[in-house]
Every structure is written in C-alpha cells, then in structure tokens.
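Have a look at the structure below before the remarks.
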Amino acid sequence: MFRRVVRASKFRHVFGQALKNDQCYDDIRVSRVTWDSSFCAVNPKFVAIIIEASGGGAFLVLPLHKSGRIDKAYPTVCGHTGPVLDIDWCPHNDQVIASGSEDCTVMVWQIPENGLVTGLSEPVVVLEGHSKRVGIITWHPTARNVLLSAGCDNLVIIWNVGTGEAMIQLEDMHPDVIFSACWNRNGSLICTACKDKTIRVIDPRKEEIVGEKEKAHEGARPMRAIFLSDGNVFTTGFSRMSERQLALWNPQAMDEAISVHEMDTSNGVLLPFYDPDTSVVYLCGKGDSSIRYFEITDEAPFVHYLSTFTTKEPQRGMGYMPKRGLDVNKCEIARFYKLHERKCEPIIMTVPRKSDLFQDDLYPDTAGPDCAIEAEDWFEGRNGEPILISLKNGYVPGKNRDLKVVKKNILDNKLSKNAENTGTVNKSASSTPSIVSTAVSLSLLGGLCLGCMLETVTILSQLSALVRKGWVLMCRSLAPHWRIRTCSMAK
C-alpha cells in the first residue's frame, strides 16, 4: 500500500461530511445503463443527473437550491431517442450542457436561467457524425464552443458548436473502444485511455500521437487517464491480478512510470477528479462506498495518500463542483454529488481552520468562466491559458449570453466557385434587369405599346455601351422611338 509516514501537508486533515437529508435530492430514478461514466454533472447553478426514462434518454437539471423530494412529474431534458451516457456543463456558460447518447448523436442544450418549467426536447444543435453510441463528452477548457466527443466507433471528433461542424476527426488512432478522454490545462493536447490497454497523448490539430504507453495497466478492466496542471498524466486501472492501480506518467518519456501504486482488489472502475489549484486527486470507485484522496507533489513517492471518506451506501455515480462554486467562508476545498439508487447526496470536503479570514493558501486564483480564445482561433493553431479569478470575496456569477449556432450552407462553396467561373456572364446578366426596368420606364413616359417596349429592350441591349457612357447618348438614340404610338403588334 502506501508508506504511513507523517508528512507536512495542509491537506492532511481534510475531512468529508455528507449533508443532511433535507439538503439532498430525493426520489430520483438514477440511470441503470451499463456504462462507466459519472452520470452527474455540476456547476455553480445546476446539478444534472442522468435518469431512467421510457422511450428514449433523459436527464434532470435541478437548481442547486431545489433540494428535498423531486416530483415524478418534474420536467426533464428528453430529446434523445436512446439512453443518455454522458453529460458535461460548458465551462464558459453555466446554462449550456452537452449530452451524448446511444442514439449516436451529441446534443447541446440551453437551460433557462431559473431552471426548467416544461420539458425540454428541442436542443440548440444536434451534432451527428458518430456511427455508434457516444459515451464521452468533454468541453475545451479555454476556447469557446469547442467540444470533444468519443464513441464506440473508436472515433474522436472535435466540434465547433457555434457552427455545428465537425472540424477534426481522429480516425485510425484507436483500434478499440475509448474509455476516457481529457484535455490538458490550455487545451493544446488530449490524452485517451483505450481498451487495447494503451495510453495516448495526442495533438488533435496536427492529428498525430506525441506519446503513448502500451500496457500502462495490464488488467482487462477499464482505465482512466487525466492531465495534471504540470503536464503529467495520471491514470487509474487494474493490474494483471485485478488489483486496482494508480500511476503517474511523464508524456515526454512514457517508457517507465514516475510512480505506480496498488490499492485493493475491488472491481469498481476508479473515476479520478482533479483539483489543479491544490494538486489533490479524488478517486471515486463505482460501486464503492468511499472517496480516497491523494496529493501530487514533486518529491518521492510523488503520489501521497491523504485520507478516505467512507459512507454506508455504495455510489452509482459522482458529480464534482468546479472551484468557483465552493463556499470559501467554510474552508470548503471540494464538493461532490454522490448518486445513490434513488437519491443525490452532496458531500463537502473541508480543511479545518480556526480563523474566519480568507485562506489564501487554500484558494489561489482559479479558472473563471471567461474563455481565453474563440473557437476559430483555436482551430487556426492558437492556444490560450485559463483566465484566472480570485475567490476572496466569493464568486458572483455574471449574466450568461445565449448560445447561438450559425450553420453554414454546404452549397456556399459551390456557389462561390460557380460565381468565379462565370464572372463575365454574371456581369452581363446583372445589367439586364436595369435595361428592362429602363425600357419599362420609357414606355410609361412615352406611351409605348407592348411591341414598342420589346423593340426598345432590343435596342437598349444593342446600345449597352452607350448606356454605360451616359444617359444623354441613350436618350438621343432612342428619341425617334418615343414618338411612335402604334406598331404592327398594336394594329
């Protein structure tokens, strides 16, 4: 296991506490689908939970203050035709959430500011590109409207949600099912864990693998991989003897792990949640009744066990609150939303402090809701570090702007090419309406009949050069025709 050596750490005495029943969310039918995702997503405004639904897939979106028993008739987000497998809140807009489903689609939803009043079945945009179920959804940490999805078709797609387009498709990189995908701190790289027991670090814009490790964990059970703030990769998996493991890797040299630890022989998949501000990793096993937490440092053994929070009931899933949603006055450093079979229970992690003053060492500046760059800038090759905010006076959410999707017409390119190839034809065609309108005006002024008007159009077409030189020449040339009142057609 781990060396039980007393080590100086401000997080050594972190303790967890489950909230009382009246602050929980009761009577929720949590999804029973067989997929190893967290089934829950949280932000400072809402908690979203994937639930059982007949005739398709659905998830609940509850305002944080709406605790207690949830009515069975409470409105849901129910646009998918198959069970929902994963959900993720947009880090730059607390009212936008994305969902992936067994119906092979990704949908992006705009939640009303005060929560749902009626059922929501019309997404802002539907992203179609996968041929099998979509089990992984994750937003870019610093670029607006950039979304990654991974499906059981072994395909990773990066979308521009603002236009609804699939901008990058990473094919032929994963020979089997993808278990997890994670962005690094500034969103320039992603790391994936695959069923072939390989961890890959990928540059998505260059579409190349910059580092990989085969048999990172030799067990057959699913692995997880996440980026740490220093660029290292943290993984969880199973050994050949089905013992649960955690490991730390340097993407520049993945031949040997920086550190490997064996934990226990439980068969639940470990879901890692990482706090980049404090370098603490929380491990929540599906089916476990405990949360273990570790501190990552630069000194051996690099991964230091802190403590374990244990409850009686096993967890079906887990939601993790972003740092800006915590209560800094209570020295709260993490908050989880534990899913039971019929309930969602908030769990608070606290560092005991006697002072009531703001604790600078516990709350360094953290990533705020503002994006660093736009989607177009990121796809063109630019990177942006997270825009940090201070939590000293608490986080005050600003007004979120609506998500607007501008879909490009796929015919635009063809039309522009045709315009280039037939430029001269278009010029002459564009002059025709003006010629006709001129002829009509002259016919009205001079009292021409229909036949004379047609004759005038013919003459105007022949004298188009004179039309360009000036109205005077045109009028002098047509003067005789203005006096004609009748013609053979009139007679």
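Note that these values count all heavy atoms, side chains included, but never hydrogens, waters or copies made by symmetry.
- A distance below 6.0 Å separates the ring centres of Phe336 and Tyr320.
- Looking at His140, its side chain does come within 3.5 Å of a backbone N or O of Gly187 through a donor-acceptor pair.
- Side chains of His340 and Glu345: a donor on one and an acceptor on the other come within 3.5 Å.
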Check: Between Leu19 and Ile347, does a side chain to side chain contact (heavy atoms under 4.5 Å, CB included) hold up when you go through it step by step?
Finding: CA-CA 6 Å; Leu19 297 186; Ile347 297 172; over 6 Å; no
Check: Yes or no on side-chain hydrogen bond (donor to acceptor under 3.5 Å, both in side chains) for Ser239 and His217, after CA distance, side-chain angles and deciding distance?
Finding: CA-CA 6 Å; Ser239 69; His217 298 278; over 6 Å; no
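- The shortest heavy-atom contact between Glu207 and Gln169 is OE1-O, 4.1 Å.
- Ring geometry for Tyr25 versus Tyr337: interplanar angle of 30 to 60°, hence tilted.
- At distances below 3.5 Å, at least one donor-acceptor pair connects side-chain atoms of Arg335 with backbone N or O atoms of Gly325.
- At most 12 heavy atoms of other shown residues, nucleotides or ligands fall within 6.0 angstrom of atom CD in Glu122.
- More than 12 heavy atoms of other residues, nucleotides or ligands lie within 6.0 Å of CG in Asp22, so this atom counts as buried by the packing criterion.
- Side-chain atoms of Trp249 never come within 3.5 Å of backbone atoms of Ile258 as a donor-acceptor pair (strictly under, hydrogens ignored).
- Atom CG of residue Leu85 and atom CD of residue Glu102 lie 5.0 Å apart, to the nearest 0.5 angstrom.
- Closest non-hydrogen pair, Trp159 versus Ser149, comes out as NE1-OG, 2.8 Å.
- You'll find the side chain of Thr366 reaches within 4.5 Å of the side chain of Ile389, heavy atoms only.
- Taking every heavy atom of both residues into account, Leu127 and Gly164 meet most closely at CD2-CA, 3.8 Å.
- Interatomic distance, Ser31 OG to Ile87 CD1, rounded to the nearest 0.5 Å: 10.0 Å.
- The pair Asp264-Arg292 meets the salt-bridge criterion, with a side-chain N (NZ, NE, NH1 or NH2) lying under 4.0 Å from an Asp/Glu carboxylate O.
- Residue Glu214 places its CD atom among 12 or fewer non-hydrogen atoms of other residues, nucleotides or ligands, all under 6.0 Å distant.
- Proximity of Val14 to Phe309: side-chain heavy atoms (C-beta onward) are nowhere separated by under 4.5 Å.
- Under the 4.0 Å criterion applied to side-chain N and carboxylate O atoms, Asp27 and Lys72 are not assigned as salt-bridge partners.
- The shortest heavy-atom contact between Met318 and Ile291 is CE-CD1, 3.9 Å.
- Ion pairing between a basic and an acidic side chain is recognised when a charged N comes within 4.0 Å of a carboxylate O; Asp176 and Lys197 show no such pairing.
- Here the CZ atom belonging to Phe46 is positioned 12.5 Å from the NZ atom belonging to Lys66, to the nearest 0.5 angstrom.
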Check: When you look at Leu155 and Ile157, which way does the side chain to side chain contact (heavy atoms under 4.5 Å, CB included) test go after all the steps?
Finding: CA-CA 6 Å; Leu155 176 65; Ile157 301 180; 3.7 Å; yes
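- Using a distance-only test at 3.5 Å, with no hydrogens or angles considered, a donor-acceptor pair links the side chain of Asp86 to the main chain of Ile137.
- Side-chain rings of Tyr363 and Phe358 approach one another, their centers coming within less than 6.0 Å.
- Salt bridge absent: Lys132 and Asp153 never bring a charged side-chain N and a carboxylate O closer than 4.0 Å.
- Counting heavy atoms from C-beta on, the side chains of His174 and Val156 come closer than 4.5 Å.
- Rounding to the nearest 0.5 Å places CG of Leu391 at 9.5 Å from CG of Asn393.
- Judged purely by distance below 3.5 Å, without hydrogens or angles, the side chains of Ser9 and His304 never pair a donor atom with an acceptor atom.
- Cation-pi contact between Arg144 and Trp139: absent, since separation from the ring centre below 6.0 Å together with deviation from the ring axis within 45° is not met.
- With no hydrogens or angles considered, no side-chain donor-acceptor pair links Asp275 and Ser279 at under 3.5 Å.
- Of the possible donor and acceptor atoms, none in the side chain of Gln23 sits under 3.5 Å from a partner among the backbone N and O of Pro346.
- Thr105 and His130 are not linked by any side-chain donor-acceptor pair at a separation below 3.5 angstrom, with hydrogens and angles left out of the test.
- Counting only distance, with no hydrogens or angles, the side chain of Ser290 and the backbone of Thr308 share no donor-acceptor pair below 3.5 Å.
- Scanning all heavy atoms of the two residues, the minimum distance from Phe302 to Asp298 falls at CE2-O, 3.3 Å.
- Taking a 6.0 Å sphere around CD of Glu299, one finds it holds more than 12 heavy atoms contributed by other residues, nucleotides or ligands.
- By the 4.5 Å heavy-atom criterion applied to side chains, Leu62 and Ile28 are counted as neighbours.
- Of the possible donor and acceptor atoms, one in the side chain of Arg221 sits under 3.5 Å from a partner among the backbone N and O of Asn267.
- In this structure, Ile178 CD1 and Cys152 SG are separated by 9.0 Å, a value rounded to the nearest 0.5 Å.
- Side-chain atoms of Arg29 and Arg342, non-hydrogen and from C-beta on, do get closer than 4.5 Å to each other.
- Under a 4.0 Å N-O distance rule, the pair Arg353/Asp361 qualifies as a salt bridge.
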Note to self: Using the rule given for salt bridge (Lys or Arg N to Asp or Glu O under 4.0 Å), can you reason through Asp288 versus Arg244, listing the C-alpha separation, both sets of side-chain angles and the distance that settles it, and then say yes or no?
What the structure shows: CA-CA 12 Å; Asp288 289 2; Arg244 292 198 290 193; 2.7 Å; yes
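- Inter-residue side-chain proximity for Gln95 and Pro112 is flagged as unmet; no heavy-atom pair is nearer than 4.5 Å.
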Next item on the list: Decide yes or no on side chain to side chain contact (heavy atoms under 4.5 Å, CB included) for Trp89 and Ile111, but give the supporting numbers first.
Entry: CA-CA 11 Å; Trp89 288 104; Ile111 307 299; 4.0 Å; yes
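- No side-chain donor-acceptor contact under 3.5 Å links Arg185 and Asn383.
- Ion pairing between a basic and an acidic side chain is recognised when a charged N comes within 4.0 Å of a carboxylate O; Glu341 and Arg32 show such pairing.
- Of the N and O atoms on the side chains of Thr311 and Lys338, at least one donor lies less than 3.5 Å from an acceptor on the other residue.
- Contact check for Ile296 versus Leu228: side-chain heavy atoms found under the 4.5 Å cut-off.
- Smallest separation of non-hydrogen atoms from Thr350 and Pro352: O-CD, 3.7 Å.
- Residues Phe294 and Tyr305 place their aromatic rings such that the two centres sit under 6.0 Å apart.
- In terms of modelled atom types and a separation under 3.5 Å, the side chain of Glu332 and the main chain of Ile348 share no donor-acceptor contact.
- Residues Phe179 and Cys194 have side chains not in contact (no heavy-atom distance under 4.5 Å, counting atoms from C-beta outward).
- Side-chain N or O atoms of Thr192 include none that pairs as donor or acceptor with a backbone N or O of Ala181 at under 3.5 Å.
- For Lys343, the NZ atom is densely surrounded, since the number of other residues' heavy atoms within 6.0 Å is greater than 12.
- A distance-only check finds a donor-acceptor pair linking the side chain of Ser259 to the backbone of Pro301 [under 3.5 Å].
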Notebook entry, point to check: Step by step, would you call Lys45 with Glu113 a side chain to side chain contact (heavy atoms under 4.5 Å, CB included)?
Noted result: CA-CA 9 Å; Lys45 282 188 175 182; Glu113 186 172 358; 4.1 Å; yes
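- The distance between the ring centers of Trp183 and Phe227 does not fall below 6.0 angstrom.
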